[in-house]
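Reviewing the structure listed below.
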Amino acid sequence: MFLRSTLIGLTKLNKYILLHNLPLKINKFNNKSFINFYYSFGYHTNLIFKQQQELTQSQYLKEIKFTLNKITETLEDLSDSGELEESGIELEVETHTDGVVNIKISDDNNNEHVFVISRQTPTKELWLSSAISGPWHYKYNLNENDWLSTRETNFKYQKSFYDILEYELSNLLKRNIKLR
């Protein structure tokens, strides 16, 4: 039996096993895959991976709508409060009907930072174009109930959309921003 790429972080392992013709056995228990494979010198190991469930279209649309609305509401409330103007910071939030949110932050030194958050319905992804860290793509992970970066293949090191956006906005707005 071959590994499927739907298991998180197994693409490289799959290629390694196929290249070296290692015997492979997959056992499933409680939504985890226990993968046994044997080295050519007789030793074996067990790897445990949570299986990623595929998001349905309706689940994706629900999660993306919730995420974009929460970001918009939180930042518009902050902008309307007048707290930022006292610090010399201007915050503009634009929401578009096609699932795009633009966040523009300007400071006293005429520095302008633009963030663009958009839905990508065909791939069921959330994209962030960050003024600080550049482009990011996220897929919703049902096991973690979070948008996780597709940059890292190792589940342990995947970055959360909220963690990155909250950190970068907090630094620019000079206050603690919580979007969840």
Side-chain angles (χ1 to χ4, degrees), residues 5-12 49-180:
S5 59
T6 54
L7 296 175
I8 297 171
L10 292 182
T11 307
K12 290 179 183 175
F49 295 91
K50 280 188 176 178
Q51 203 164 9
Q52 170 63 19
Q53 298 173 4
E54 186 65 30
L55 205 63
T56 66
Q57 190 70 10
S58 63
Q59 287 173 316
Y60 167 77
L61 293 173
K62 177 184 162 211
E63 292 299 336
I64 202 80
K65 182 179 178 183
F66 174 80
T67 301
L68 296 177
N69 286 343
K70 182 67 175 163
I71 291 167
T72 302
E73 289 172 12
T74 302
L75 295 178
E76 283 179 348
D77 289 348
L78 179 62
S79 180
D80 293 344
S81 72
E83 294 175 31
L84 294 175
E85 291 172 7
E86 296 168 3
S87 305
I89 299 172
E90 186 178 326
L91 171 66
E92 293 178 41
V93 181
E94 296 175 3
T95 305
H96 303 276
T97 57
D98 56 350
V100 176
V101 175
N102 292 328
I103 303 166
K104 182 177 169 185
I105 301 169
S106 304
D107 62 18
D108 284 343
N109 300 328
N110 293 326
N111 294 324
E112 192 172 281
H113 305 279
V114 178
F115 294 80
V116 179
I117 303 165
S118 63
R119 73 175 183 214
Q120 299 299 319
T121 307
T123 58
K124 297 179 188 167
E125 291 183 346
L126 172 66
W127 288 7
L128 168 64
S129 176
S130 166
I132 307 298
S133 60
W136 292 86
H137 297 189
Y138 298 90
K139 279 199 170 277
Y140 194 80
N141 185 305
L142 288 169
N143 295 331
E144 299 296 317
N145 290 325
D146 203 353
W147 294 97
L148 298 180
S149 170
T150 60
R151 279 188 190 177
E152 295 82 10
T153 57
N154 187 334
F155 178 71
K156 180 176 162 184
Y157 298 108
Q158 286 181 321
K159 294 186 176 25
S160 163
F161 166 77
Y162 290 109
D163 290 345
I164 290 172
L165 189 60
E166 288 172 350
Y167 176 77
E168 292 180 1
L169 290 177
S170 294
N171 284 335
L172 289 174
L173 298 173
K174 299 177 179 137
R175 59 190 22 82
N176 192 18
I177 304 296
K178 289 291 178 200
L179 300 171
R180 296 183 231 207

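No hydrogens, no waters, no symmetry mates; every other heavy atom, side chains included, goes into these values. None of these values were measured; they are calculated from a predicted model.
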Practice problem: Test side chain to side chain contact (heavy atoms under 4.5 Å, CB included) on F115 and I71 and set out the steps. | Solution: CA-CA 12 Å; F115 294 80; I71 291 167; over 6 Å; no

Quiz item: Who pairs with E76 by salt bridge (Lys or Arg N to Asp or Glu O under 4.0 Å), at least two apart in sequence or on another chain?
Solution: none

Quiz item: CD1 of I103 to OG of S79: how many Å apart, nearest 0.5 Å?
Solution: 11.5 Å

Quiz item: Could you state the interatomic distance from CD (Q120) to NE2 (H137), rounded to the nearest 0.5 Å?
Solution: 7.0 Å

Exercise. Measure across L179 and E166 and return the closest heavy-atom pair with its distance rounded to 0.1 Å.
Key: N-OE2, 2.8 Å

Quiz prompt | With E83 via salt bridge (Lys or Arg N to Asp or Glu O under 4.0 Å) - residues at least two apart | solution = R175

Exercise. Could you tell me the separation between the CG atom of N145 and the OG atom of S160, rounded to the nearest 0.5 Å?
Key: 11.5 Å

Practice problem: Quick one: sort the Y60 and W147 rings into parallel, tilted or perpendicular, breaks at 30° and 60°. | Solution: perpendicular

Quiz item: Taking only residues two or more places apart in sequence or in another chain, which ones pass side-chain hydrogen bond (donor to acceptor under 3.5 Å, both in side chains) with D98?
Solution: none

Exercise. For residues K159 and S133, determine if any side-chain heavy atom of one lies less than 4.5 Å from a side-chain heavy atom of the other.
Key: no

Quiz item: Are the side chains of L68 and T95 in touch, meaning some heavy atoms are under 4.5 Å apart?
Solution: no

Quiz item: Which residues satisfy the salt bridge (Lys or Arg N to Asp or Glu O under 4.0 Å) test with K70, sequence neighbours excluded?
Solution: none

Self-check item: Whether over 12 other heavy atoms sit under 6.0 Å from Q59 CD
Solution: yes

Quiz prompt | Student check: side-chain heavy atoms of Q57 and T121 closer than 4.5 Å | solution = yes

Quiz prompt | Closest non-hydrogen atom pair between V100 and V116, with its separation | solution = CG1-CG1, 3.9 Å

Practice problem: Quick one: pull up CD in E112 and CD1 in I105 and give me the separation to the nearest 0.5 Å. | Solution: 10.5 Å

Quiz item: Do K139 and L55 come within less than 4.5 Å of each other through their side chains, counting heavy atoms only?
Solution: no

Quiz item: Mind checking what makes side-chain hydrogen bond (donor to acceptor under 3.5 Å, both in side chains) contact with D107, not counting sequence neighbours?
Solution: N111

Quiz item: Which heavy atom in I132 sits nearest to a heavy atom in H113, and how many Å separate them?
Solution: CD1-ND1, 4.3 Å

Quiz item: Given side chains that start at C-beta, do those of T67 and Y162 come closer than 4.5 Å, heavy atoms only?
Solution: yes

Self-check item: With sequence neighbours excluded, residues passing salt bridge (Lys or Arg N to Asp or Glu O under 4.0 Å) with K124
Solution: E54

Practice problem: Taking all heavy atoms of Y138 and all of S149, pick out the closest pair and write down the distance. | Solution: CD2-N, 3.3 Å

Quiz item: To the nearest 0.5 Å, how far apart are CG in L78 and CG in L91?
Solution: 6.0 Å

Self-check item: side chain to side chain donor-acceptor pair (under 3.5 Å) assessment of T150 paired with E125
Solution: CA-CA 9 Å; T150 60; E125 291 183 346; 4.7 Å; no

Self-check item: Working for side chain to side chain contact (heavy atoms under 4.5 Å, CB included), residues I177 and E168
Solution: CA-CA 9 Å; I177 304 296; E168 292 180 1; over 6 Å; no

Self-check item: Non-hydrogen side-chain atoms of I117 and L128 separated by less than 4.5 Å
Solution: yes

Quiz item: For the atom pair CD (E92) and OG (S106), what is the distance rounded to the nearest 0.5 Å?
Solution: 6.5 Å

Quiz item: Yes or no on side chain to side chain contact (heavy atoms under 4.5 Å, CB included) for L126 and E63, after CA distance, side-chain angles and deciding distance?
Solution: CA-CA 10 Å; L126 172 66; E63 292 299 336; over 6 Å; no

Practice problem: Looking only at non-hydrogen atoms, find the nearest pair between I64 and L61 and report the distance. | Solution: CG2-O, 3.3 Å

